[in-house]
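Here is the structure we will look at, set down as structure tokens.
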Amino acid sequence: FPSHDIAVYREGRFKATLSGASVAVGDSIATSVTANVVKLANLGLSGQRILGKALEGASAGQNFLYELSIESGVNA
């Protein structure tokens, strides 16, 4: 059987498209039900859905830079 490598990123800086409410620098962001977009994390949201922190402010539909930090938690 051939072997295949799959890249898995657990930290780093990436661009994303924002869904829903706007985010400010330092806001926690989470996965969204909409495919391939992220949203502002609500307080009390499971840490399993937290992606990291916004490094730029953005409004819905805009691309922004964020720091990926899996399981960073809402208050991290």
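All heavy atoms count here, side chains included; hydrogens, waters and symmetry mates do not.
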| About how many Å separate OH of Y66 and OG of S28, when rounded to the nearest 0.5 Å? | 13.5 Å
| note | Note: V23 and I29 closest approach over all heavy atoms is CG1-CG2, 4.2 Å
| remark: When every non-hydrogen atom of T17 is compared with those of G61, the smallest separation belongs to CG2-O, 3.7 Å
| task | Return the minimal non-hydrogen interatomic distance between S59 and S22, and the atom names on each side. | result | CA-CB, 4.0 Å
| note | For A60 and G20 the tightest heavy-atom approach is CB-O, 2.9 Å
| message | Taking F64 as the starting point, is it possible to reach L68 by hopping between hydrophobic residues whose side chains are less than 4.5 Å apart? | response | yes
| request: Before accepting this row, confirm whether a basic side-chain N of the pair K15/E56 lies closer than 4.0 Å to the acidic partner's carboxylate O. | output: yes
| Are side-chain heavy atoms of Q62 and L18 found at a separation under 4.5 Å? | no
